[in-house]
Enquirer: 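Input: one structure, supplied below.
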Amino acid sequence: MLEKRYEPKDIEKKWYDFWIENEYFRAEGKSDKPPYCIVIPPPNVTGSLHIGHALDITLQDIMIRWKRMSGSNTLWLPGTDHAGIATQNVVEKDLQKQGTDRHALGREKFIEKVWEWKKLYGGTIINQLKSMGASCDWSRERFTLDEGLSKAVREVFVRLYEEGLIYRGEYLINWCPRCHTALSDLEVEHEEKQGKLYYIKYNFADQDGHITVATTRPETYLGDTAVAVNPEDERYKNLIGKMVRLPIINRDIPIISDEFVDASFGTGAVKVTPAHDPNDFDMGKRHNLPFINLLTGDGKMTEEAGPYKGQDRFECRKNVLKDLEGMGHLEKVTDHAMAIGHCYRCKTIVEPYLSNQWFVKIKPLAEEAMKAVKEGQVKIIPTGWENSYFDWMENIKDWCISRQIWWGHRIPVWYCKECAEVIVSRETPAGCKCGSKELVQDEDVLDTWFSSALWPFSTLGWPEDTDDLKTFYPTSVLITGFDILFFWVARMMMMGLKFMKEEPFRHVYIHALIRDAEGQKMSKSKGNVVDPLKMTELYGTDAFRFTLAAYAAQGRDIKFSEQRVEGYRHFLNKIWNVARFISMNVTEGEAASLSIKVKSLSLADRWILSRLSVVCADINKSLEEYRFNDASSYLYQFIWHELCDWYVELIKPELYGENADSKKAAISTLVHVYEVSLALLHPFMPFITEEIWQQLPCKKNDDSLCIREYPSAAEGIEDKEAEEKLNIVMDAVTAIRNIRGELNLSPSLELQALIKASNNAEATLNENITYIAKLAKAKDIKIGSDIQAPKHAATAIKPAFEIFVPLEGLFDFDAEISRLNKEMSKVEEDIQFVDRKLRNEAFISKAPQAVVEENKNKYNEYMEKLKSIQGNIDKLNQWR
RNA sequence: AGGCGCGUAGCUCAGUGGGAGAGCGCUUCCUUGACACGGAAGAGGUCAGGGGUUCGAUACCCCUCGUGCCUACCA
């Protein structure tokens, strides 16, 4: 006998351990079964589970468990990402607390420290994934800095270099002065902000007068090497070639002309700072201007800044403005909206910074990646994201992959101290071809996303030709949020196609972002995060998972509300109680012999089996299409409203009755339908279903629900006739309940029911009179085509029959007449609506014949109903 | 600045070219032998506004308003 309430806590761990012990999640490297594979989006090793992970994990686990049960050789490959900058930041913070830093430690020691840290805390997120029920194959867990994955990284780097797709050069990149490293364009977050536009006067060097330039970053004037104007700009045409003198530092620079300049913006004259602005960089190249670097790596001014040397960049700005103003060089200041770039890891304002970096020449890779989606090898779901994908790929720029940090894959490039030879190699080289042994490795490491880009094949063993790789590549689907579509998905596409010659996954399912109940993005700083671990603690993992699945409609963000989790906890309680109901009605001895015997099935049995068949098909189809919300809604609807509200109630007379055969049929059907329901539910709520299933008194072919075959429509028996018939019965029950409710009659009061039925309905109702008696709490039910309405009776009119409920003594003429009047005005509206259509000639001639027919039928039906109601009202008025 | 999405019951959201659906909340009644985390019966919506296409539009097209996001080198 089950406990009165479902208590998730102990049960969850018990079953997870059981699954692991029995290796149910273990994939086969070689198998006759069809392969199904998902690689997990590897969470940062520093991370802890947030609600976005929870959604991600839940959806993946649903797909994986569903496919596993459906007979696939299923691999869900888990792992973590070394998260270069983020992890380094965390460990550096630790060091800071101890009053030291990484430079004091030295590179080698520091990296040791990070590994130590990883050993201590890196398992946190993995354990949290397990607590969500994730059915990953943990024997294949990977880490992006593993030996194998590092080998893949080197292989890819060297091959791209050899093909000329990786190069090194001095360019303007995004620099984070706090993290002390270059960032790719993607790692810079732009935020629209109200800023200022400063107008600065530059005097001519050899004549009176000045030209005014506008800038948002006045301190960069120190690095100006020209002023540019548009060649067509009449105002400045005659000034081209003249020199202006920079205030304070008194450097003379030329006025040049360049098409790039927009004459309508600001003053139409642009200061050109080639070392600190991307556009100016291009102009500098075009006009051969000097590049003056004003900044050090940590955002302080260099010697080039003259009197401002050593000042912080923002302090310098203040001082420059003060000085310019003092000397009368600041003409005016206006408000100006602009988007400033911030480091995505630490939110510091980034600087365009001139330095030597490694880049991937990306266009050729992007073209293949676009083609794969255009030609349909890869399907992005929902398709709306394809636009963003193409848009980004088309405008892509070379990818800066070197980072000036220590934690990560060190760039496999060595420089000879003797002859300046550059050696790019898979293996650490012993010496230079010039004979020197004096080699130094490049100091930089690779962008973390470089190794993540290889994840779908590096984790399967590439560059070795492993069984896993042969079996599981391309993987089946990638499930992730849109926030890393470019960071990760796009790059996996490029690398997968490049090195495997095949797309990394057949489908990409992009799910929503979870926001708080007000629609705000969740963030630690806003303090509006929903902690998934708290949810699982409060409501159980299953209820939480089901909530996430129910929320996961395509193409819309999720506004998360805790109330909804509570609602689904009630659903679990309902499921739990059906199990209790079964255990109370099935004795141990009976259990083993249960089977569905078609010939002794009652109408209710046939009906629920038919419904089961339909819902099995619906759920499989929904999952096929990644319609998680539909699947969960089908489950909820079927189990609660059909199985519990109707079927269980319908069979109670049989369970408590004397007829052994029909009792047996009812119990068999109930247990069967419930067992199948548990299987249907299992991918969504693995723990409670396993717990109940293990205790369910019926024959099972498997040791765990998680490997039971996933139900198909064949587990039910489709039977439209039974559905139609039972609908008539349900109609009758509802009609009587409706009278009871609306006339405020006590639920305990037994009502008499007289049913005037058409021939079809008469037989059906007669055969199922006990159902009606029980569910509507009715007695002395009489059914016939010649039933007459008694004097003091409430009436209900349905298409197939009319019901009269005699209410001697309790009868209230006014109440009943007003009920009927309400009903009548509804029907009158209906008639009007259909009539308008039928009188429209265009409708008759142009609408499909079936639609016209349908409306005609409706019209007749409504007219019948109207006649009946009117008749009843007339009688009541006569009698009263 | 461009692009994308959203606006449907009090709240959170499904949905569809042929009379508007769910969950929660609300109202009334009910401790009936699985379940009060329950049962039964209800109330509640010009499907943002305006125009167009159509026999027919909440759905398709255009505009407006509101709202959210992504991309972008306007100094």
Side-chain angles (χ1 to χ4, degrees), chain A residues 2 4-6 172 185 190 197 213-217 220 228 260-262 264-273 277-282 336 338-339 352 384-385 387-388 391-392 395 482-483 485-486 513 515 517 519-521 539 543 550-551 553 555-561 563-564 566-585 627 629-630 633 636-637 641 644-645 648-649 652 655-656 734 737-748 774-777 829-830 833-834 837 840-848 850-852 854-855 858:
Chain A
L2 295 156
K4 180 141 189 190
R5 282 185 186 171
Y6 173 59
L172 269 194
D185 294 341
H190 292 274
L197 192 57
V213 296
T215 180
T216 53
R217 294 187 299 158
T220 61
F260 166 79
V261 180
D262 176 0
S264 65
F265 187 90
T267 62
V270 188
K271 60 189 277 310
V272 184
T273 324
D277 181 278
N279 294 316
D280 296 3
F281 179 84
D282 293 341
H336 182 67
M338 54 186 186
W385 290 106
N387 280 336
S388 308
D391 194 53
W392 187 74
N395 297 309
F482 64 80
D483 48 334
L485 180 59
F486 307 137
L513 217 65
R515 301 169 184 285
Q520 297 286 309
K521 210 168 170 173
Y539 304 103
Y551 259 127
R556 187 198 277 254
D557 282 348
I558 297 169
K559 281 195 223 172
F560 189 84
S561 149
Q563 273 191 354
R564 200 150 164 189
E566 200 183 337
Y568 289 121
R569 185 184 58 181
H570 297 174
F571 180 41
L572 264 83
N573 187 251
K574 195 76 179 174
I575 293 166
W576 184 255
N577 274 290
V578 181
R580 295 184 68 228
F581 178 74
I582 288 173
S583 67
M584 287 165 145
N585 284 285
R627 306 181 65 90
N629 60 322
D630 282 350
S633 150
Y636 189 96
Q637 202 63 27
H641 297 304
C644 294
D645 288 350
V648 168
E649 297 306 321
K652 275 180 182 173
L655 294 187
Y656 306 138
T734 308
R737 284 172 172 177
N738 180 287
I739 287 170
R740 188 191 294 279
E742 290 197 347
L743 295 180
N744 246 326
L745 304 166
S746 159
S748 57
K774 168 78 177 152
L775 296 191
K777 191 126 183 155
E829 274 173 37
D830 290 344
F833 182 84
V834 180
K837 276 191 185 177
N840 182 348
E841 270 179 44
F843 174 75
I844 301 289
S845 60
K846 293 194 176 170
V851 176
V852 177
E854 195 191 318
N855 276 275
K858 270 189 197 167

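Residue numbers begin at 1 in each chain, while the letters A, B, ... track the order of the sequences. Predicted, not measured: the structure shown is a model, and the values here were computed from it.
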Enquirer: Ignoring the backbone of A/R737, work out which of B/rA72, B/rU28, B/rA41 is nearest its side chain.
Expert: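 Output: B/rA41.
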Enquirer: Is the phosphate of B/rU71 approached by A/H190 (side-chain N or O, under 4.0 Å from OP1 or OP2)?
Expert: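 So the side-chain polar atoms of A/H190 never come under 4.0 Å of the phosphate oxygens OP1 or OP2 of B/rU71.
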Enquirer: Among B/rC74, B/rC24, B/rU12, which nucleotide has an atom closest to any side-chain atom of A/Q563?
Expert: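 It is B/rC24.
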Enquirer: When we call it a touch if two heavy atoms are under 4.0 Å apart, what does A/D280 touch: a base, just sugar-phosphate, or nothing?
Expert: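 No contact at all - A/D280 keeps every heavy atom at 4.0 Å or more from the nucleic acid.
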Enquirer: Just by distance, with hydrogens left out, do A/N387 and A/D391 show a side-chain donor and acceptor under 3.5 Å apart?
Expert: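 Per modelled atom types, A/N387 and A/D391 side chains form no pair under 3.5 Å.
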Enquirer: Is there a side-chain polar atom (N or O) of A/R627 under 4.0 Å from OP1 or OP2 of B/rG15?
Expert: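 True: A/R627 side-chain N/O within range (under 4.0 Å) of B/rG15 OP1/OP2.
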Enquirer: Decide yes or no, distance alone: a donor-acceptor N/O pair under 3.5 angstrom between the base of B/rG38 and the side-chain of A/N573.
Expert: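 A donor-acceptor contact between them is absent.
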Enquirer: Just compare B/rC55, B/rA34, B/rG18 and give me whichever is closest to any side-chain atom of A/N840.
Expert: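 Closest nucleotide to the A/N840 side chain: B/rC55.
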Enquirer: Looking at A/K574, does any N or O in its side chain come under 4.0 Å of the phosphate oxygens OP1/OP2 on B/rG39?
Expert: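 For B/rG39, OP1 or OP2 has a side-chain N or O of A/K574 closer than 4.0 Å.
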Enquirer: Tell whether A/E742 reaches the base of B/rA40 with its side chain through a donor-acceptor pair below 3.5 angstrom.
Expert: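 When only heavy-atom distances are counted, A/E742 does not reach the base of B/rA40 through any donor-acceptor pair under 3.5 Å.
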Enquirer: Describe the nucleic acid contact of A/F281 in one word from base, sugar-phosphate, nothing, applying a heavy-atom distance below 4.0 Å.
Expert: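 Nothing: the residue A/F281, judged by heavy atoms under 4.0 Å, touches no strand.
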Enquirer: Classify the angle between the aromatic ring planes of A/F265 and A/H336 as parallel (below 30°), tilted (30 to 60°) or perpendicular (above 60°).
Expert: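 A/F265 vs A/H336 ring planes: perpendicular.
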Enquirer: To the nearest angstrom, how far is A/Y636 atom OH from B/rG21 atom P?
Expert: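 Between P of B/rG21 and OH of A/Y636: 19 Å.
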Enquirer: Just checking, any donor-acceptor pair under 3.5 angstrom between side chains of A/K777 and A/S748?
Expert: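 There is no such pair (donor and acceptor under 3.5 Å, judged by atom type) between the side chains of A/K777 and A/S748.
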Enquirer: Among the nucleotides B/rG19, B/rA34, B/rA40, which one has an atom lying closest to any side-chain atom of A/D645?
Expert: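 For the A/D645 side chain, the nearest candidate turns out to be B/rA40.
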Enquirer: Can you pull every protein N or O that's under 3.5 Å from an N or O on nucleotides 30-33 of chain B?
Expert:
none

Enquirer: Just N and O in the side chain of A/R5: are any of them under 4.0 Å from OP1 or OP2 of B/rC37?
Expert: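 Yes, because at least one side-chain N or O of A/R5 sits under 4.0 Å from OP1 or OP2 of B/rC37.
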